[in-house]
2 protein chains.
Amino acid sequence: MFEGEHQVNMDEKGRISIPAAYRDVLRNLYTHETIVITRDFDGCLRVYPQDEWYRHVQKFHTQPQNSPEIRAYERVVISAAVTTQPDKQGRILINHTLRKHAGLIKHVTFAGGSGRFQIWDVERRDVKLMEDVIALQQARLDF
Amino acid sequence: MFEGEHQVNMDEKGRISIPAAYRDVLRNLYTHETIVITRDFDGCLRVYPQDEWYRHVQKFHTQPQNSPEIRAYERVVISAAVTTQPDKQGRILINHTLRKHAGLIKHVTFAGGSGRFQIWDVERRDVKLMEDVIALQQARLDF
DNA sequence: GGTGAATCCCCACAATTACCCACAACGAAA
DNA sequence: TTTCGTTGTGGGTAATTGTGGGGATTCACC
């Protein structure tokens, strides 16, 4: 369970420190820090512990493989996925493709989730959140 | 497993550097760098390690050979296939037929997959991805 | 056979990346 | 407060990777 939102700065070389809290989860819950980074739909990055990624891909393959959505999912999410490990300082290097997709420049937000987390450009995230709040105010969720 | 998307530039002579990550896979997982390049449906190229290609062709031949789709597949994919090897710098030369089919000029994207990868014109790929992302945002994939 | 284009086989070099080490800021413990 | 470990950040260096180009060789075509 990756908890909370954390802001960090990407340096000139494109390296981002993974929040210590997340690294603890990786070490303790998943026994190693190998992760898989890929694109997400909302213009951010999605990060899985390697085991979770395998599970995810397996699930993906149980779907009927010839629908347009599934093919799109393969192009957007599956094919961009990169396996990597934090360096000795606990940072990961984000490659050009992913950096560009998520619009990462310097200020970055990690957003928790269960079994995975996201990496956002701070500003982009703020805009999205604003939209979300408005949408929720107008929605009539019943729980 | 060929991971991630990588952008490279094709030079005047039509040579493209295979991303180092992919070359590692070829060397380590397939023991040699011989590959087969052919056409793909989406206006890009499809590349197999030689072993995978053999497997693919074999599978093709188990199909009933007289349907129009199979004959089309043979014309588009099978007959265009070219076996080649990277040069000492890790580049491959793309012949005219294939280059034209994929609309390759200079900026090129490698897109990973399992057991094979694709080569796209960057712009063509970006357009496709944009469409895909929009489709995915509206879809309700459940996995 | 001659000619031009495409291809192959080298060498060279700039940009990027991997792998280090260092350190300021911060919080917890003494 | 002082000490100490953790965390996020910066930067140097060496190796790797991507790119450009020269020249020999092959090939297709007249």
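Reminder, nothing fancy here: chain letters follow the sequence lines and each chain counts from 1.
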Please state how far atom [atom1] in [X] lies from atom [atom2] in [N], giving the value in whole angstrom units.
| X | N | atom1 | atom2 | value |
| --- | --- | --- | --- | --- |
| B:Arg99 | C:dT7 | CZ | P | 7 Å |
| A:Glu12 | D:dG11 | CD | P | 7 Å |
| B:Ile18 | D:dT17 | CD1 | C1' | 13 Å |
| A:Asn95 | D:dG18 | CG | P | 12 Å |
| A:Gln85 | C:dC20 | CD | C1' | 17 Å |
| A:Asp11 | D:dT9 | CG | C1' | 7 Å |
| B:Arg91 | C:dC11 | CZ | P | 13 Å |
| A:Lys88 | D:dG8 | NZ | C1' | 17 Å |

**Request:** Ignoring hydrogens and angles, tell me if any N or O in the side chain of A:His6 forms a donor-acceptor pair with the backbone of A:Tyr22 under 3.5 Å.
**Result:**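 Here the side-chain-to-backbone pair does not exist.
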
**Prompt:** Looking across every strand, which nucleic acid part, if any, lies under 4.0 Å from A:Asn9 by heavy atom: base, sugar-phosphate, or nothing?
**Reply:**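 Sugar-phosphate contact only.
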
**Message:** Regarding B:Ile16, tell me which of base, sugar-phosphate or nothing describes its non-hydrogen contacts under 4.0 Å with the strands shown.
**Reply:**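 Nothing: the residue B:Ile16, judged by heavy atoms under 4.0 Å, touches no strand.
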
**Request:** Mark yes or no for a side-chain to base donor-acceptor pair under 3.5 Å between A:Arg15 and D:dG8, with no hydrogen or angle criteria applied.
**Result:**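 Donor-acceptor pair under 3.5 Å: no.
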
**Message:** Please determine whether any donor N or O and acceptor N or O are separated by less than 3.5 Å between the side chain of B:Lys106 and the base of D:dG20.
**Reply:**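 Looking at the base of D:dG20, it does not pair with any donor or acceptor on the side chain of B:Lys106 (distance under 3.5 Å).
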
**Message:** Please compare B:Gln89 and B:Lys13 by the position of their nearest nucleotide in DNA chain C and report the one closer to 5'.
**Reply:**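 Mapping each residue to its closest nucleotide by heavy atoms, the 5'-most match is B:Lys13.
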
**Message:** Side chain of B:His96 only, heavy atoms from C-beta on: which candidate in C:dA6, D:dG18, D:dT7 is closest?
**Reply:**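 The closest nucleotide is C:dA6.
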
**A:Leu93 side chain, from C-beta outward: closest of C:dT17, D:dG18, D:dG20** =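 Taking heavy atoms from C-beta onward, the closest nucleotide is C:dT17.
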
**Message:** Does D:dG18 have OP1 or OP2 under 4.0 Å away from a side-chain N or O of B:Arg23?
**Reply:**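 B:Arg23 to D:dG18 OP1/OP2: side-chain N or O found under 4.0 Å.
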
**Message:** Quick check on DNA chain D: between A:Met10 and A:Ala20, whose nearest nucleotide comes earlier from the 5' end?
**Reply:**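 Between the two, 5'-proximity favours A:Ala20.
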
**Asked** What's the verdict on side chain to side chain contact (heavy atoms under 4.5 Å, CB included) for B:Leu26 and B:Phe2, showing C-alpha distance, side-chain angles and the deciding distance?
**Response** CA-CA 9 Å; B:Leu26 289 173; B:Phe2 298 97; 3.8 Å; yes

**Prompt:** Yes or no on side chain to side chain contact (heavy atoms under 4.5 Å, CB included) for A:Glu74 and A:Phe60, after CA distance, side-chain angles and deciding distance?
**Reply:** CA-CA 9 Å; A:Glu74 177 159 21; A:Phe60 170 80; 4.0 Å; yes

**Prompt:** Between A:Arg116 and A:Trp53, is any pair of side-chain heavy atoms under 4.5 Å apart?
**Reply:**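 SC-SC contact between A:Arg116 and A:Trp53 ruled out.
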
**Hydrophobic cluster of A:Val82, others only, ordered by chain and residue number, side-chain cut-off 4.5 Å** =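 Other cluster members: none.
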
